[in-house]
Amino acid sequence: MLHVKKIRQDFPILDSGIIYLDNAASSLTPEPVIQKMLEFYHNYRANVDRGIHRFSQKASEEYEKTHAKVADFINAESETEIILTRNATEAINLVASGLNWKKGDKIVTSLIEHHSNFIVWLRLKKRYGVDVEIVRPNREGLFDIADFEKAIDDKARLVALTHVSNVLGVKTPVEEVAKIAHGHDAHLLVDGAQSVPHLKVDVQRIGCDYLAFSGHKMLGPTGVGVLYARRELLDNLEPLSIGGGTIADVCLDHYTLSESPTKFEAGTPAIAEAIGLGAAIDYLKEAQLENIEIHERELVKKMYQGLADIPSVEVYGPKKMEQRTGIVSFNVGDLNPHDIALALDVSADIMVRSGHHCCIPLNKELLKRHEGTVRASLYLYNTESEVEKLVSTVDEIARSLA
Ligand SMILES: Cc1ncc(COP(=O)(O)O)c(C=O)c1O
């Protein structure tokens, strides 16, 4: 069981009474994570892998620990498979720019992707003439696996699919898609930005080849993210940048890059942030993802049902709670979602996201709501009474503005 009351003590930012329901955009950061980053600045503030002195040694040791913690967290085989990036977006771009594309290669993706896992593939279409095929789900966001079987053929080199939609909260069938992709010698990139913070994600169980996610959505600081790349793929992946820190040797007319992850982490990295991500993983492990998942499922049931029961409210995503996570998007009649979000903040200190959530194709093609939706998203510190407050305030707004 999750000790929410105790957990909330680690988030003094909540003490003012605000209700933070914008966790899919970015989570809050608990004190132990902030303290761990301060420890770096106070006690061993130095660059990593560049000094023989004790501060640099200690900073390097703490920085490198994060690779091992992430590897363990997602059950990677080795920490060499963990590349620290700036965020999920950079992790996905690393794969897009790091592979050798040619005309006629095919990338399969879906209509519910975040732009970070969508326009990068459209850019390859423009640059190299690769084909991009987009698999469409039904209006709830549920896919028919036969559509992936049709789209993934022998021309497919990569399938890029989100694990959880940041608008609909729907989970996707990544394990089945991995099998289909591998049957055609294609690789699967999973966008785990909305799954890794909330569900137990095991790269070996999923069978994915790449997994991208961000530290700031999982209690960590901004400025650090992760690309997991399966060990056998590391040699054929070109780094996004090269330079200091990435080399084994340099001559006047050539250079040799070092091994992963060093070859991918050019320049001075986000050291405090990486150390903070390690502390965030410690925090999540202590709370236990299984408990977080149960807690969010109970709250989301209440949130979904409460909102769906308001006459003028349309709620999106799957109706079956086991098919979704703690994200609920909705609209109130024809009202602009930004007006609802502003009213929630001003009248009840409730913070939610509004707009297209970086998923314009989903909004236009699937929901037919060009102006987007209001999105409330949960995390381990949210409570039942906060959900009740959201529902009652939306109800009041709906009545007063309708
Ligand atoms: C599903 C999904 N993918 C990718 C991203 C991009 O994450 P970041 O902005 O941290 O790179 C997000 C952020 O909202 C997301 O929800």
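No experiment lies behind these values; they were computed from the predicted model shown. Counting starts at 1 for both ligands and their atoms, in listed order. Counting begins at 1 with the first residue of the sequence.
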**Complete:** When distances are taken from atom 13 (C) of ligand 1, the protein heavy atom at minimum range is Lys217 NZ, 2.6 Å
**Item:** Closest protein heavy atom to atom 7 (O) of ligand 1, given as residue, atom name and distance to 0.1 Å
**Value:** Ser214 OG, 3.7 Å
**Request:** Indicate whether any N or O donor in one side chain lies under 3.5 Å from an N or O acceptor in the other, for Asn363 and His357.
**Result:** no
**Asked** Cationic tip of Lys5 within the cone over Tyr381's six-membered ring, i.e. under 6.0 Å and within 45° of the normal?
**Response** no
**Message:** Could you check whether any side-chain heavy atom of Asp153 comes within less than 4.5 Å of a side-chain heavy atom of Lys106, counting everything from C-beta outward?
**Reply:** yes
**Prompt:** So, is Thr162 polar-close to ligand 1, with some N/O to N/O distance under 3.5 Å?
**Reply:** no
**Item:** Check: Ser116 N/O within less than 3.5 Å of ligand 1 N/O
**Value:** no
**Item:** Top protein contact for atom 16 (O) of ligand 1, by heavy-atom distance
**Value:** Gln194 NE2, 2.7 Å
**Message:** Would you say that more than 12 heavy atoms from the other residues, nucleotides or ligands in this model lie under 6.0 Å from the NZ of Lys69, or not?
**Reply:** yes
**Asked** Hey, which of Gln35, Lys36, Met37 is the one that makes side chain to side chain contact (heavy atoms under 4.5 Å, CB included) with Val33?
**Response** Met37
**Request:** Decide whether an N or O pair under 3.5 Å exists between His216 and ligand 1.
**Result:** yes
**Prompt:** How long is the gap from CD1 on Ile83 to CG on Leu234, to the nearest 0.5 Å?
**Reply:** 5.5 Å
**Prompt:** Touching ligand 1 at all, His357? Heavy atoms, strictly under 4.0 Å?
**Reply:** no
**Prompt:** Are Tyr63 and Glu265 close enough that a side-chain donor and a side-chain acceptor fall under 3.5 Å?
**Reply:** yes
**Prompt:** Of the protein's non-hydrogen atoms, which lies at the shortest distance from atom 3 (N) of ligand 1, and what is that distance?
**Reply:** Asp191 OD2, 2.5 Å
**Message:** What I want to check is whether the side chains of Glu113 and Ser110 have a donor and an acceptor closer together than 3.5 Å.
**Reply:** yes
**Fill in**
for atom 15 (C) of ligand 1, nearest protein heavy atom and its distance come out as His114 CD2, 3.3 Å
**Prompt:** By number and element, which atoms of ligand 1 are closer than 4.0 Å to a non-hydrogen atom of Ala88?
**Reply:** 7 (O), 11 (O)
**Item:** Nearest protein heavy atom with distance in Å, relative to atom 11 (O) of ligand 1
**Value:** Thr89 OG1, 2.5 Å
